[in-house]
Amino acid sequence: MMELGIGMFGDLQIDPQTGKIQATQERIQEIIEEIKLMDEVGVDFFGMGEHHRADYAVASPEIILAAAATVTNRIKLGSAVSVLSSADPVKLYQDFATVDLLSNGRAEIMAGRGSFIESFPLFGFDLKDYSGLFEEKLDLLLRLNKMDTINWTGKYRPSLINQSVYPRPVNNSMPIWIAVGGTTESVIRAGKLGLPVMFAIIGGSPINFKPLFEIYQQAYLDNGHDPEKFQVGVHMHSFFGADSKEIADWYYPYYSNQMNRIGASRGWPPYQKSQYDYGRSRHGHLIVGDVNESVDKILQMQDTFGLTRFSAHMDVGSPDHSKMMKAIEIYGNEIIPKVKAAK
């Protein structure tokens, strides 16, 4: 049975007229309310992103997840993603082990290299080491998840000699996912290691990712990993409402403004309504619409890629909290049951 969850980056609302940014404290409190509602309506998992910018509320996903652990009972709680390249794997593991203990075994780590680079200068890392940092730190993180006492030597961090790392999670290990944006190198690495992968499909046509899914699965099987434990997911920009056109028209300014804010720093051309309309079509990357449209497109993604997990990224542009709560209700009470009943 495919798991259906929600991912967030903690976007702060920005007034398009004045440029005033929403108070971080307000948005964090809203996020906790939203996670609590997710748990109540049956969402399977929640993922929180890590950013170090003025327009995002969350720099430490594990702190948000720890707070969420105290007001939820069943929902899985993970990062989406933790920027492993600029983190200390030991401290990251300790923090998530603590979340796991608070939540009675519901914590997960999703590790990624990060598409935003602010954390590298902030924590004293050189972007020229972008790939090397991730490979080395992933190796250490996986070792920490397998053994209580560790001996390890690397290039970018002091060695560990007969070092025990505490606390340990509830089952002495936690699920560790890898987030990928579309590079062959990343999916082959994850397949060789037997790690579950979350593909970020946030532009263009999802079908273009099909070869990467096949490469990942082949690498997984070629390296002798159990087919019964194979897990793969997609992360897609999503928003839900009772009426398809009404919610799409309402959400467009939030989404386009955020695309333009990010695009300005990356040299993208201005975001067009035609891109949004194509994204919402059967062939596009957006799941923005009513219950039946959303169910059909999620099932289409499952059939196309053999998904075991779907993550709806629902706070792009920071839609109003009241609309977020309504969208979560629709997702949990109507969309998720219909998707699961179809399979």
Side-chain angles (χ1 to χ4, degrees), residues 4-16 21-39 41 43-65 67-68 72 75-83 110 112 114-116 179 198 200-203 233-241 247-248 250-263 271 276 279-280 285-289 294 298 310-332 335-336:
L4 292 101
I6 292 174
M8 292 185 182
F9 280 3
D11 297 37
L12 292 166
Q13 278 193 16
I14 301 176
D15 189 308
I21 301 177
Q22 179 186 19
T24 300
Q25 181 181 12
E26 178 185 27
R27 182 65 195 124
I28 286 175
Q29 291 172 346
E30 290 175 351
I31 289 171
I32 298 301
E33 289 182 24
E34 289 160 8
I35 302 170
K36 186 174 185 293
L37 178 60
M38 293 176 207
D39 188 57
V41 298
V43 176
D44 292 320
F45 67 90
F46 171 75
M48 186 77 249
E50 172 191 344
H51 295 86
H52 304 269
R53 298 164 51 106
D55 48 349
Y56 291 95
V58 180
S60 300
E62 51 270 41
I63 294 180
I64 299 298
L65 300 175
T72 58
I75 192 169
K76 294 179 181 179
L77 301 168
S79 50
V81 300
S82 294
V83 185
M110 186 179 294
S115 61
F116 292 79
M198 180 67 73
I201 301 181
I202 56 175
V234 295
H235 159 109
M236 299 175 68
H237 292 168
S238 309
F239 207 76
F240 314 112
I247 196 64
W250 179 86
Y251 184 47
Y252 175 72
Y254 292 92
Y255 190 80
S256 60
N257 286 341
Q258 181 70 338
M259 291 298 101
N260 284 327
R261 278 193 291 269
I262 301 301
Y271 190 77
Y276 185 71
R280 292 186 61 240
H285 69 286
L286 295 174
I287 303 183
V288 177
S294 301
I298 293 170
F310 172 81
S311 177
H313 182 175
M314 285 179 57
D315 69 338
V316 180
S318 192
D320 291 346
H321 176 53
S322 61
K323 289 279 192 179
M324 283 287 295
M325 295 290 275
K326 182 61 178 176
I328 291 166
E329 288 182 351
I330 291 171
Y331 187 53
I335 295 173
I336 289 178

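Computed from a predicted model, the values in this text were never measured in an experiment.
Judged purely by atom type and a 3.5 angstrom limit, D39 uses its side chain to pair as donor or acceptor with the backbone of I75. D44 places no side-chain N or O within 3.5 Å of a backbone atom of G5 that could act as its donor or acceptor partner. Panel note: side chain R280, backbone L286; no donor-acceptor pair is recorded below 3.5 Å.
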Exercise for the section: Go through the steps for F239 and Y254 under the test ring-ring contact (aromatic ring centres under 6.0 Å, His included), then give the verdict. Expected result: CA-CA 11 Å; F239 207 76; Y254 292 92; 8.3 Å; no
Practice task
Evaluate side-chain hydrogen bond (donor to acceptor under 3.5 Å, both in side chains) for D320 paired with Q13, printing each intermediate quantity in order.
Solution key: CA-CA 8 Å; D320 291 346; Q13 278 193 16; 2.9 Å; yes
Handout entry: Worked check of side-chain contact (heavy atoms from CB on, under 4.5 Å) between V316 and M259
Key = CA-CA 9 Å; V316 180; M259 291 298 101; 3.9 Å; yes
Handout entry: Derivation and outcome, side-chain contact (heavy atoms from CB on, under 4.5 Å), residues M48 and S79
Key = CA-CA 5 Å; M48 186 77 249; S79 50; 5.9 Å; no
Practice task
Could you please spell out the steps behind the salt bridge (charged side-chain N to carboxylate O under 4.0 Å, His left out) verdict for K36 and E33?
Solution key: CA-CA 5 Å; K36 186 174 185 293; E33 289 182 24; over 6 Å; no
Problem - Test log, rule side-chain contact (heavy atoms from CB on, under 4.5 Å), inputs E34 and F46 - result: CA-CA 10 Å; E34 289 160 8; F46 171 75; over 6 Å; no
Exercise for the section: For side-chain contact (heavy atoms from CB on, under 4.5 Å), just list the numbers for I202 and H235, CA-CA rounded to whole Å, side-chain angles, deciding distance to a tenth of an Å, and then say yes or no. Expected result: CA-CA 8 Å; I202 56 175; H235 159 109; 3.9 Å; yes
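At a threshold of 4.5 Å between non-hydrogen side-chain atoms, the residues I64 and I35 count as touching. Between H321 and M325, some side-chain heavy-atom pair lies under the 4.5 Å cut-off. Residues R261 and I14 meet the side-chain proximity criterion, which asks for heavy atoms closer than 4.5 Å. Here the side chains of M324 and E30 are not in contact, with every heavy-atom distance at 4.5 Å or above. Using a 4.5 Å heavy-atom cutoff, the side chains of T24 and V58 are not in contact. Between V234 and F310 there is a side-chain heavy-atom pair separated by less than 4.5 Å. Counting only heavy atoms from C-beta outward, the side chains of S318 and Q22 approach each other to under 4.5 Å.
Atoms CD1 and OG, on I336 and S294 in that order, are 11.5 Å from each other to the nearest 0.5 Å. Residue E329 holds its CD atom at 13.5 Å from CZ of F240, rounded to the nearest 0.5 Å. Separation of atoms CD1 (I247) and CD1 (I330) is listed at 7.0 Å; rounding is to 0.5 Å. Within the model, atoms CE of M38 and OH of Y331 stand 9.5 Å from one another, a figure rounded to the nearest 0.5 Å. Atom OG of S238 sits about 11.0 Å away from atom CG of D315, to the nearest 0.5 Å.
When every heavy atom of G317 is checked against every heavy atom of D11, the shortest pair comes out as N-OD2, 2.9 Å. Between S311 and I6 the shortest heavy-atom distance is OG-C, 3.9 Å. Between L4 and V43 the shortest heavy-atom distance is O-CG1, 3.7 Å. Scanning both residues, L12 and A23, for their nearest heavy atoms gives CD2-O, 4.1 Å. Residues I32 and A67 share a closest heavy-atom pair of CD1-CB, 3.8 Å. When all heavy atoms of R27 and A57 are compared, the closest pair comes out as CG-CB, 4.1 Å.
Taking the six-membered ring for Trp and thresholds of 30 and 60 degrees, Y276 and Y255 have ring planes inclined between 30 and 60 degrees apart. Between F9 and H313, the two ring planes are tilted [angle within 30° to 60°].
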